[in-house]
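Worksheet: the structure to be examined is printed underneath.
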Amino acid sequence: MAEISAKLVQELRQKTGAGMMDCKKALIETDGNIEEAVDWLRKKGISKAGAKSDRVAAEGLVDTYIQPGGRVGVLIEVNCQTDFVARNEAFKALVKNLAKQAATADSVESLLAQHYIEHETATVEEFIKQTIATLGENIQVRRFINFALAEGTQGVVDSYIHTGGRVGVLVELGSQTESVASNQEFQSLARNTAMQVAACPNVEYVSVDQIPAEIAQKEKDIEMGKDDLANKPDNIKEKIVQGRIEKRLKELTLLDQPYIRDQSISVEDLVKQVKGQLGEEIQVTRFVRYILGEGIEKQEISFADEVAAQMGTK
């Protein structure tokens with residue numbers, strides 16, 4: 001058996017990112033052949049990743065990528081199991097790279113099939129499995145969305161990340177000319193709009209005219225059935241309900257919110273102010289907000305159960 005030196009173990013660790021004991025065992029199993037040891041670890045990594053893939057991953061990071069020029073942007077959520085791993089530099093780097101690669105993907109599946117940008121041979125899916133083996137936790141690309149300005153149109157795509165990667169927003173604003181799209185006031189409006197969306201979790205639409213008719217009808221049905229209107233004449237009831245519906249729908253729209261930096265004006269007023277300064281039509285086209293782990297049912301596991309599971313006694 002070849003002598004397994006500390007230098008050889010360190011070299012394998014640098015190549016693979018695996019733990020010291022795993023590297024030493026791989027070198028022992030392959031009689032000190034470092035290339036075969038890499039393959040051995042990859043196989044082991046895939047095996048270990050598979051064993052961890054059924055664990056609930058509800059922590060992680062929401063991150064963004066904006067292409068130079070601001071015409072393409074990505075919002076992505078990548079989950080792990082604990083906040084400890086979410087703060088790990090290797091995990092953060094993985095999420096950053098995945099956000100960048102998602103700019104050219106149209107689904108999670110197509111992203112996973114891409115060649116990973118910081119590895120010579122591995123796909124994104126294979127590299128994630130290697131990272132699972134290294135960090136010891138399940139990692140999943142949960143979702144992403146990319147915005148791209150349509151050909152022949154002007155504007156900007158921008159983003160905002162809040163509370164250490166737990167909330168992220170992607171916005172698109174439109175303009176008429178390239179000179180306005182590159183104007184600092186216009187770009188500041190885009191960033192402030194993204195911050196506004198992050199601060200208003202109930203906002204789902206840009207403006208009232210974007211709200212589907214069935215949503216408005218549902219709100220009307222709810223209001224019409226409220227007990228406090230039971231004894232009102234129909235004409236009075238209709239007026240009260242209409243006022244309540246208008247108020248409720250405005251609560252769902254971005255442009256009707258008080259501006260977070262100046263509560264005396266609405267977001268719509270802010271857009272009009274910037275429009276007046278720039279001298280051309282501008283608009284908030286669309287936005288999306290991700291909140292880390294929303295909709296994921298977290299699994300509660302006691303420390304004793306976790307130890308028992310790892311030892312194979314449960």
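Keep in mind it's a predicted model, so treat the numbers as computed, not measured.
- Cluster note: V288 groups with V62, I66, L75, I145, F147, L149, V157, I161, L170, Y290, L292 through ILVMFWY side-chain heavy atoms spaced under 4.5 Å, whether in direct contact or through intervening members.
- The same ILVMFWY cluster, assembled from side-chain heavy atoms under 4.5 Å apart, contains both I265 and L189.
- Between the side chains of Q257 and S266, no donor-acceptor pair is found at a separation under 3.5 Å.
- In this structure, I222 stands alone, with no Ile, Leu, Val, Met, Phe, Trp or Tyr side-chain heavy atom under 4.5 Å from its own, directly or through other members.
- The pair E29-K24 does not count as a salt bridge, with every side-chain nitrogen at least 4.0 angstrom from each carboxylate oxygen.
- The closest side-chain heavy-atom distance from I215 to Y205 is below 4.5 Å.
- Counting heavy atoms from C-beta on, the side chains of F287 and V203 come closer than 4.5 Å.
- Side-chain contact between M195 and I260 is present, with heavy atoms from C-beta onward closer than 4.5 Å.
- Side-chain polar atoms of N79 and E77 form a donor-acceptor pair below 3.5 angstrom.
- Side-chain contact between V197 and H162 is absent, with no heavy-atom pair separated by less than 4.5 Å.
- Ion pairing between a basic and an acidic side chain is recognised when a charged N comes within 4.0 Å of a carboxylate O; E223 and K220 show no such pairing.
- Residues Q196 and L254 form a side-chain contact, since some pair of their non-hydrogen atoms from C-beta on lies under 4.5 Å apart.
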